[in-house]
Amino acid sequence: MTVAQEVARRRTFAIISHPDAGKTTLTEKLLLFAGAIHIAGSVKARKATRHATSDWMEIEKQRGISVASSVMQMEYRDCVINLLDTPGHQDFSEDTYRVLTAVDAALMVIDAANGVEAQTLRLLEVCRARNTPILTFVNKMDREVREPLDLIDEIERTLRMAAIPFTWPMGMGRGFGGVFDLRSDRMRVFHPGADRLDDADEMIESLDNPEMGARFGNKADILRQEIELIRGASQEFDRAAFLAGRQTPIFFGSAINNFGVREILDALVDLAPSPASHKALQREVQPDEPRLTGVVFKIQANMNPAHRDRIAFVRICSGRFDRGMNLRIVRNEKDIRTNGVVSFLSQRRELLETAYPGDIVGIPNHGTIQLGDTLTEGERLQYTGLPFFAPEIFQSVELADPMRSKQLKLGLAQLGEEGAIQVFRPHGGGSLLLGAVGTLQFEVVAHRLKHEYGVEARLIPAKYQLARWVTAEDSRELKRFIDTNAHRIAYDAVNAPTFLASFAAELSVAEESWKSIRFHRMREHAGLVFQEHAEV
């Protein structure tokens with residue numbers, strides 16, 4: 001196939017949700033229905049030997065949460081689907097934001113009992129900032145939940161986009177009979193509790209089929225009334241409005257019981273866009289261009305602790321990748337060989353021969369590749385848009401065993417490079433400072449330092465509460481500011497100077513006193529492109 005043909009069959013999307021909405025379970029079932037795995041890991045039964053395929057980190061298995069993004073590739077209906085599972089917990093929203101820069105669509109999971117929750121709104125705003133098309137899956141219909149019509153109304157009011165039902169549930173809780181596909185005019189009847197797939201699903205054709213009444217009685221009448229109502233009240237699906245983020249197709253089901261999962265897979269193939277062009281500082285890059293370009297949106301250390309590996313996750317933006325080809329890191333103009341490049345099914349990796357735009361590939365390296373790097377076959381291009389947000393919480397690091405200081409520095413350097421935490425080196429020396437958006441990030445870092453690097457570290461709250469990256473048009477003026485405020489200056493993983501404040505008034509005084517200095521809430525890693533305000 002040509003590059004253009006391969007691009008046309010790619011679908012690359014992320015799953016986003018509020019914690020506990022069922023995102024990881026749905027991820028498992030999508031893999032199951034696509035044939036990528038044969039038995040789904042039990043997300044709830046953490047005492048069992050099975051865990052979610054997408055949860056590979058030890059702390060995830062212990063706590064039953066996703067704290068790292070996972071990448072999975074599968075084939076379904078002659079399409080190559082790249083699925084990125086993101087952390088649901090708000091403390092890891094930075095990682096989720098970076099993942100959303102690497103996808104062409106998002107699948108939003110909503111708990112039918114709780115409706116639209118806080119983290120869902122935050123992630124939706126991230127998608128909106130990038131005009132990312134969104135499909136919505138209303139989960140847990142096998143429980144006693146809110147009425148579907150109420151949920152549709154809340155989605156439209158809260159998310160400010162038109163909700164277009166593509167499927168509709170029959171009943172809920174113990175009376176949940178299945179989901180009716182409004183496009184194909186048939187109902188898929190599901191049987192709960194099976195991890196494995198049956199050879200054939202039970203289908204009932206047509207809403208007016210006498211079997212509906214004979215099988216489900218009054219529930220069939222209620223289903224007909226609700227569908228008549230929503231068909232009359234809902235907008236027509238408009239693909240252009242969907243691609244622009246103004247409409248979201250709605251699907252109902254129960255991921256844990258395999259209800260409604262196949263409809264989601266079909267919709268991803270039918271509705272989600274194939275890879276589009278990517279904007280670089282120099283020009284707009286089309287996916288079917290012959291020369292390869294890609295951007296590093298994630299670094300992960302120790303996916304295989306036995307080998308102390310370090311993987312750069314690269315979204316292919318244009319051209320064709322072939323194993324062994326030379327690629328250039330535009331930032332430092334270093335060339336790398338790609339003999340060991342891998343594809344993913346979460347923690348399972350295989351050597352990769354070829355890849356195309358939309359695919360996510362993993363490049364093992366020893367610190368030469370950084371978050372936000374652009375890789376090309378030689379052209380000087382710089383993709384932008386990979387953000388770092390100013391930390392809101394700070395802690396200092398104390399080492400229980402001073403003999404492990406080398407391991408501590410290595411661990412913090414690698415965890416900082418992958419974006420798990422932000423590491424700051426004070427201008428005047430002293431203990432390293434860790435900055436985070438949420439407290440759970442510190443817990444994960446302490447756990448990983450202990451289990452991956454053999455370092456017992458105590459994390460102690462620091463006096464700082466605010467951070468701003470600082471720049472100036474005149475480098476001498478910036479140096480004067482740094483020298484004057486040396487006790488409040490630290491440097492991050494890429495040596496960007498950062499002003500630290502213990503309270504908001506300190507920052508206000510600095511901004512008033514130094515008109516020539518710009519204070520930034522967000523920075524883009526590559527090229528150190530700063531922005532005044534983050535979108536979220």
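Count residues from 1 along the sequence. Keep in mind that what you see is a predicted model, and the values were worked out from it rather than measured.
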Taking [X] for the side chain and [Y] for the main chain, is one N or O donor matched with an acceptor at less than 3.5 Å?
| X | Y | value |
| --- | --- | --- |
| Thr248 | Ile134 | yes |
| Asp492 | Gln422 | no |
| Glu377 | Asn326 | no |
| Asp373 | Arg331 | no |
| Thr136 | Ile250 | no |
| Thr12 | Gly358 | yes |
| Lys29 | Ile256 | yes |
| Arg11 | Val269 | yes |

Would you compute the distance between atom [atom1] of [X] and atom [atom2] of [Y] and round it to the nearest 0.5 angstrom?
| X | Y | atom1 | atom2 | value |
| --- | --- | --- | --- | --- |
| Leu449 | Leu415 | CG | CG | 5.5 Å |
| Glu263 | Leu268 | CD | CG | 12.0 Å |
| Gln73 | Leu31 | CD | CG | 11.5 Å |
| Leu271 | Arg239 | CG | CZ | 6.5 Å |
| Glu456 | Lys450 | CD | NZ | 4.5 Å |
| Leu26 | Leu32 | CG | CG | 11.5 Å |

Do [X] and [Y] come close enough that some side-chain heavy atom pair is under 4.5 Å?
| X | Y | answer |
| --- | --- | --- |
| Ile299 | Gln370 | no |
| Leu459 | Glu443 | no |
| Leu100 | Thr132 | no |
| Val71 | Val99 | no |
| Arg262 | Tyr76 | yes |
| Val397 | Val423 | no |
| Ile15 | Leu30 | yes |
| Phe166 | Asp266 | no |

*Could you go step by step and tell me if Thr25 and Lys140 meet the side chain to side chain contact (heavy atoms under 4.5 Å, CB included) rule?*
CA-CA 11 Å; Thr25 305; Lys140 304 185 181 180; over 6 Å; no
For [X], check salt bridge (charged side-chain N to carboxylate O under 4.0 Å, His left out) against everything at least two apart and list the hits.
| X | value |
| --- | --- |
| Glu398 | Arg458 |
| Asp181 | none |
| Arg9 | Glu6, Glu75, Asp78 |

Could you report the tightest heavy-atom contact between [X] and [Y], atom names first, then the distance?
| X | Y | value |
| --- | --- | --- |
| Pro249 | Phe242 | CD-CD1, 3.5 Å |
| Val179 | Gly260 | CG2-CA, 4.1 Å |
| Ala21 | Val109 | O-CG1, 3.6 Å |
| Gly324 | Arg337 | O-NH1, 3.1 Å |
| Ile360 | Ala102 | CD1-O, 4.5 Å |
| Pro275 | Pro357 | CG-O, 3.4 Å |

_Pairing residues for Arg328 by the side chain to side chain donor-acceptor pair (under 3.5 Å) criterion, not counting sequence neighbours_ =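 Arg328 satisfies side chain to side chain donor-acceptor pair (under 3.5 Å) with Asp335 once adjacent residues are dropped.
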*Please state whether the rings of Tyr383 and His278 are parallel, tilted or perpendicular, taking 30° and 60° as the class boundaries.*
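Answer is perpendicular, since the angle exceeds 60°.
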*Can you list every pair that meets ring-ring contact (aromatic ring centres under 6.0 Å, His included) and has a residue in residues 255-277, with sequence neighbours left out?*
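Passing the test, one end in residues 255-277: Phe176-Phe259, Phe190-Phe259.
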Would you mind listing every salt bridge (Lys or Arg N to Asp or Glu O under 4.0 Å) that reaches into [range], with sequence neighbours excluded?
| range | answer |
| --- | --- |
| residues 351-368 | Arg10-Asp359, Arg323-Glu353 |
| residues 401-415 | none |
| residues 283-294 | Arg283-Glu289, Arg283-Glu379 |

*Under the ring pair (Phe, Tyr, Trp, His ring centres under 6.0 Å) test, which residues partner Phe13, sequence neighbours left out?*
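Residues passing ring pair (Phe, Tyr, Trp, His ring centres under 6.0 Å) with Phe13: none at all.
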_Test ring pair (Phe, Tyr, Trp, His ring centres under 6.0 Å) applied to Phe442 - qualifying residues, sequence neighbours left out_ =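 None.
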_Test log, rule side chain to side chain contact (heavy atoms under 4.5 Å, CB included), inputs Thr27 and Leu83_ = CA-CA 8 Å; Thr27 300; Leu83 185 161; 3.6 Å; yes
*State whether the number of non-hydrogen atoms from other residues, nucleotides or ligands found under 6.0 Å of Met1 atom CE is greater than 12.*
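Counting neighbours around CE of Met1, more than 12 heavy atoms of other residues, nucleotides or ligands fall under 6.0 Å, so yes.
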*Any residue meeting side-chain contact (heavy atoms from CB on, under 4.5 Å) with Val341, in chain and number order, not counting sequence neighbours*: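 Scan of Val341 (side-chain contact (heavy atoms from CB on, under 4.5 Å), adjacent residues dropped) gives Phe321, Thr338, Leu352, Val361, Ile363.
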*Which residues satisfy the side-chain contact (heavy atoms from CB on, under 4.5 Å) test with Asn332, sequence neighbours excluded?*
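Asn332: side-chain contact (heavy atoms from CB on, under 4.5 Å) contacts with Ile329, Lys334.
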_Test side chain to side chain contact (heavy atoms under 4.5 Å, CB included) applied to Arg320 and Thr354, step by step_ = CA-CA 7 Å; Arg320 166 180 163 145; Thr354 59; 3.3 Å; yes
*Give a yes-or-no answer on whether the side chains of Ser396 and Ser431 include a donor-acceptor pair shorter than 3.5 Å.*
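Checked: Ser396/Ser431 side chains show no N/O donor-acceptor pair below 3.5 Å.
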*Arg77 and Asp270: CA distance, side-chain angles, deciding distance, side chain to side chain contact (heavy atoms under 4.5 Å, CB included) verdict*: CA-CA 10 Å; Arg77 284 178 46 195; Asp270 296 338; 2.7 Å; yes
